[in-house]
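First comes the structure, then the notes that go with it.
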Amino acid sequence: MERVIGLAAGGIAMAMSLYHMWFAASAPPEAMIFRGTHLLFALVLVYLFAPAAGRDGGRRLLWLDLALIAASAAAIGYVFVNYQYIVNRIIYIDELTAWDQAMAVVLVAVVLDASRRMIGWALPVTALVFLAYAVFWSGVKMPVLLEQMYLSTDGIFGSTLGVSASYVIVFVLFGAFMEKSGTGRLFMDFALSLTGHTAGGPGKVSIVSSSLFGTISGSAVANVMVDGPITIPLMKKTGFRPPFAAAVEASASTGGQIMPPIMGAAAFVMAEYLAVSYFQVTVWAWIPALLFYLALFFAVHFEAKRVGLEGVPRAELPRLGQVMRERGHLFIPILIVLGGMAMSYSAPLCALAGTLATLPVALMRRSTREGIGWRTVVEALVGGARDALAVAMACACAGIVIGVISLTGLGITFTQIVIALAQNSLFLALVLTAVAGIVLGMGMPTTPAYIVMVSLLVPALIKLGVVTPAAHMFAFYFAVLSAITPPVALAVFAAAALAKANMWRAGFEAVRIAAAGFIVPFMFAYEPALLAIGDWGTIALATATATIGVMCLASSLYGYLLAPLAAWQRVALAAAAFLLIKPGIVTDAMGLGLLGAVAALQWTVSRRAAASRV
């Protein structure tokens, strides 16, 4: 029986992947049909891949799962069969039939249950709270609520589910094919050859390889589980403390969601909300992502120098030239995706082109073609569909929340509350939004956390003067950073388990390492030039001063610049960091002056010490 279920699940997963690949190349059907088909595939696969627990605690398909599959098919099939009736009726005026209401209840129930199975209780409970708010607090009549959820494109079949169907699954498939082609090994060898020999080299390898792997995976935990088994033992072997090693890997892996060209799923939702191309979102994201990873790089470098850690001997490392000769061609699919988006082709089409190129490119060289065959294609198609399920269910469940917000006007109310609490202070509003993002992100994936923030908090930031792209990126960043923020820091938990480190110590170490990452969003909220908005002179100056600022902050936190820092020097560099981070010629000059004074003093003392030893 299990074999039959496995074959059925694999066949349906392949069909789901091929269906979305086909419509990435051609015009998709009308919104409700396309999104409904995507959701039906997802619901069926959730109940096949994540069946209810049996009485003995095992995982096997029960009659309940079969009933839920039938209920999912009935509720979505009802939309397909009665599509003309649905699109021609006048919403909120024509009365719902008994069948309309029954099927709406069924679909809401199965979406909540399937979301619970894939991503836990937090998002379904949030959706239930919003539904209760609509009925018991706002006084929305039940038929109107069911109509919003089921018979419109403002509920379950809303734009968030559309993003999952149009964008996310195709890029997830691209990542699955890249992984099967051996690109992960290319990233690791590439990073080792570049930075493995430097001070704290394995930590820098973790940063480079995780940023690269972020181009094919939008999951922080997935990044940790791919990179961590290699980088964490290397870091420990060269002398890094286990909590520090875990924190480096967790922080670097978390940054994958903000790293262009292929970011986390929420970036695609952002493009949809802002009605811009996904390529435009990646343009906004480049400089903040660079600052985030530079902050991690400086933190590792200064910690390694402070405690006297060396890198891995060059003889034990792969050579860059050899890596590029043997595996460098595996970068071609990524370049295809980037080039296509730069030429204004649609993001799904670019992802499809990259996906189709992945295995043929791997077959070009003997060094990368081993083990690749039809079985690889099947595994990538099945794995890609399976990896997309969590995002699909998160988007469908988030549609319930968004439907309630748009129906009740809760977003406007929340905006007024935030502005009242902040007392028209932009800084306080940003802090409130940051805290909300971290709290929401602790209990749910990045995408729904970002969606809720956009609906409830981002309008307040925009009203207080933050430019729209910066407000959205601010919310996105803090939804992502929750993965390394205690007490619920999933990426840290995964890395700490690999490092055999205390989770709390690793969590607080991750916050310390990525401290600049928590400040970067405030930087671009006040200075949009850091999102590449404005003239190139302003962008270049803002980027340069912000880079020096994050270096000063890392130096202050880890007590090293050119030599170990005295307490007052650490305070001076912290002040320099915040002066450089704040936009303005005067503050930049003051910050550079403080940095120059500390660096000059350290250089002079070092020269005198060296001379006295001679």
Problem set entry | Centroid-centroid distance, F268 to Y278, less than 6.0 Å | yes
Exercise. Under 3.5 Å, is there a donor-acceptor pair between the side chain of S181 and the main chain of T358?
Worked result: no
For this session: Start with the C-alpha distance between V401 and V452, add both sets of side-chain angles, then the distance that settles side chain to side chain contact (heavy atoms under 4.5 Å, CB included), and finish with yes or no.
Result: CA-CA 8 Å; V401 176; V452 173; 4.1 Å; yes
Exercise. Regarding R512 and the six-membered ring of Y558, is the cationic atom NZ or CZ under 6.0 Å from the ring centre and inside 45° of its axis?
Worked result: yes
For this session: Give a yes or no answer on whether the side chain of S115 reaches the backbone of M393 with a donor-acceptor pair at less than 3.5 Å.
Result: yes
Exercise. Would you say V248 and F244 make side-chain contact, with heavy atoms under 4.5 Å?
Worked result: yes
For this session: Verify whether the ring centers belonging to F478 and F474 lie closer than 6.0 Å.
Result: yes
Problem set entry | Candidate pair F240 and I232, rule side chain to side chain contact (heavy atoms under 4.5 Å, CB included), full reasoning | CA-CA 9 Å; F240 283 112; I232 289 176; over 6 Å; no
Problem set entry | Neighbour count >12 (heavy atoms, 6.0 Å) for atom NZ, K236 | yes
Exercise. Do Y560 and F298 touch side chain to side chain, with heavy atoms closer than 4.5 Å?
Worked result: no
For this session: Check whether more than 12 heavy atoms from other residues, nucleotides or ligands sit under 6.0 Å from atom CZ of R241, and answer yes or no.
Result: yes
For this session: Please find out if less than 6.0 Å separates the ring center of Y477 from that of F518.
Result: no
Exercise. Can you check whether F190's main-chain N or O pairs, donor with acceptor, with S193's side chain at less than 3.5 Å?
Worked result: yes
Problem set entry | Axial cation check for F49 ring with R386, 6.0 Å and 45° limits | yes
Exercise. Does some side-chain heavy atom of Y273 sit less than 4.5 Å from a side-chain heavy atom of T160?
Worked result: yes
